[in-house]
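Everything on this sheet refers to the single structure shown next.
Just so it is clear: chains get the letters A, B, ... in the order the sequence lines come, proteins before strands, and each one is counted from 1. Just so it is clear, the values below take in all heavy atoms, side chains as well, and ignore hydrogens, waters and symmetry mates.
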Number of protein chains: 2
Amino acid sequence: MPDQVKPVTRAAQTRTRNQSLIIDAAESVFARHGYTGGSLKMIAEAANLPKANVVYYFGSKENLYQALLTRIVKIWELGLGDISSDSDPAVVLEQYIRKKVSQSRRYPLASKIFTSEIIQGAPHLDEIFWKELKHWLNNQVAIIQSWIDLEKMNSVDPKHLLFMIWSSTQHYADYSTQLGHLMPSENDELVFDDAANTLCNIILGGCGLKSANLSVH
Amino acid sequence: MPDQVKPVTRAAQTRTRNQSLIIDAAESVFARHGYTGGSLKMIAEAANLPKANVVYYFGSKENLYQALLTRIVKIWELGLGDISSDSDPAVVLEQYIRKKVSQSRRYPLASKIFTSEIIQGAPHLDEIFWKELKHWLNNQVAIIQSWIDLEKMNSVDPKHLLFMIWSSTQHYADYSTQLGHLMPSENDELVFDDAANTLCNIILGGCGLKSANLSVH
DNA sequence: CAACATCTTGTCCGATCGGACAAATAAATT
DNA sequence: AATTTATTTGTCCGATCGGACAAGATGTTG
């Protein structure tokens, strides 16, 4: 397919720019009002475009939301990276926790939309998503279990350990409203650093490991 | 107030029964569709009553949701009970974790609605709620800090420790859809028991404490 | 039983929703 | 320059929303 032969026309640039404007606006609107509560009118106003333009580029509200969900799931995919039984569990787990906290800080809206989707029964996620997630989870569980078998760490249920990491890290995205009331701070980054350090200390400690206080690269 | 003088008339019974039917239906509908997505028609059908009847008892959708939110917040209030610096942190924390997991199992819809409310910016929670929550949190933080000062447990940030307990326990309510895909089990109770045990082991262990594997009374 | 209050229910209303459509405009291709 | 394709935008539509209202049914109290 000779796609790169075609020059990047001005129209094509406009197209991608507007699609990006719209999907960003949709992320903000859906995060604040939910799928049903977010209207095409609100999204259009947030994107500074007429409502009909939104429909023109994405066909329907459902399609727009699906495109947004796809983008969000891709962020999650960047998982623990390549790990094996030979890896050091302390390093892998600490890096994973810090990466998840960092994602909560950088993409809080993504986490909010995903959590809302799950809470409401995941009506927009298909079987393929669950199949892939299950496959990914089983791989990680097997590796963690091998660490336990090799006595590299305490015997804890690997699935619940991963659920714990997911929930406690995404909490700093999903519950940002509550955190704003309970931890009024002028420096958000400090809060996230404290959170990551505390989570690493407790979770690694609870697994019989020792945090090296790594930073996220 | 001579309320108990008045006999419990049949009309009054009907009133409380219908109010209860409606608010239960509202909980189920709002949990599955969100505040905006849940319609009075859906709630009425779930309660087996005409839509106008719902409005009659609660005045408006907003009032109904507020009544529901109030009921939900009351469940949360049952916190760590009476504790002090003299209490054993291992016992207190373990009981608190198990109680929170138990609440996730018994009132999953309550947690889902509350989390959705927070995600969307808590537009229906007033300053009084935040004031009381802050007050409650500061008390617990002071006690945990005293345990740390007395070297009864490791030095961890008390606030982040509590956030971790909240998020990892409520995860088993909010993410029930995901858990249904990743942990297909014929016995839900087993999953919750495993979850509580793992959470207690890791969190207590991470605090330098030892779980006694208590049960929730 | 008469009066009164409470509850039930069908119907109607303005507002808003997602989105279909056409006409006007801009850009790309020949 | 002519033609075709892509984009913009205003307008219109049926469906659904929350909720107001009135009339009838039922229950309570003198």
Nucleotide nearest [X] (side chain, heavy atoms from C-beta), chosen from [options]:
X	options	result
A/Leu40	D/dG19, D/dC17, C/dG18	C/dG18
A/Pro50	D/dG10, C/dT9, D/dG19	D/dG10
A/Lys61	C/dT8, D/dA6, C/dG19	C/dG19
B/Tyr56	C/dG19, C/dT6, D/dG18	C/dT6
A/Asn53	D/dT8, C/dC7, D/dG19	D/dT8

What is the distance from [atom1] of [X] to [atom2] of [N], rounded to the nearest Å?
X	N	atom1	atom2	value
A/Phe58	C/dG18	CZ	C1'	16 Å
B/Leu64	D/dG19	CG	C1'	13 Å
B/Leu49	C/dT9	CG	P	7 Å
B/Arg15	D/dT26	CZ	P	19 Å
B/Asn48	C/dT8	CG	P	13 Å
A/Glu62	C/dG18	CD	C1'	12 Å
B/Lys51	D/dG18	NZ	P	7 Å
A/Lys41	D/dT9	NZ	C1'	16 Å

- A/Asp174 and A/Thr115: side chain donor to acceptor below 3.5 Å: yes
- Query: Will you find, in the side chains of B/Ser39 and B/Lys61, an N or O donor that is under 3.5 Å from an N or O acceptor?
  - Reply: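 There is no such pair between these side chains.
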- Query: Side-chain N or O of B/Tyr57 less than 4.0 angstrom from OP1 or OP2 on C/dT8?
  - Reply: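 It does, given that an N or O in the side chain of B/Tyr57 lies less than 4.0 Å from OP1 or OP2 of C/dT8.
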- Determine: side-chain N/O of B/Asn18 to OP1/OP2 of C/dT8, distance under 4.0 Å, yes or no. yes
- Task: Quickly, which of A/Trp166, A/Trp76, A/Tyr35, A/Tyr65 forms a ring-ring contact (aromatic ring centres under 6.0 Å, His included) with A/Phe114? Name it, please.
- Result: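 Output: one option passes, namely A/Trp76.
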- Query: Minimum heavy-atom separation for A/Ile72 to A/Ala110, with atom names?
  - Reply: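 Shortest heavy-atom contact: CG2-O, 3.7 Å.
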- Item | Of B/Ser39 and B/Ala52, the one whose closest DNA chain D nucleotide lies more 5' |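 It is B/Ser39, whose closest nucleotide lies nearer the 5' terminus.
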- Query: Using a cut-off of 4.0 Å on non-hydrogen atoms, how would the nucleic acid contact of A/Gly37 be classed: base, sugar-phosphate, or nothing?
  - Reply: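 It contacts nothing in the nucleic acid.
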- Task: Output the distance between atom CG (A/Leu137) and atom NE2 (B/His181), rounded to the nearest 0.5 Å.
- Result: 13.5 Å
- Note on the structure: Under the rule of Watson-Crick or G-U wobble with both distances under 3.5 Å, where | means paired to another strand and [ ] a crossing pair, DNA chain D maps to |||||||||||||||||||||||.|||..|
- Message: With a sphere of 6.0 Å drawn around CZ of B/Arg32, does it hold more than 12 non-hydrogen atoms of other residues, nucleotides or ligands?
- Response: no
- Does the pair B/Arg71/B/Glu27 count as a salt bridge with the N-to-O cut at 4.0 Å?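 Yes, B/Arg71 and B/Glu27 are salt-bridged.
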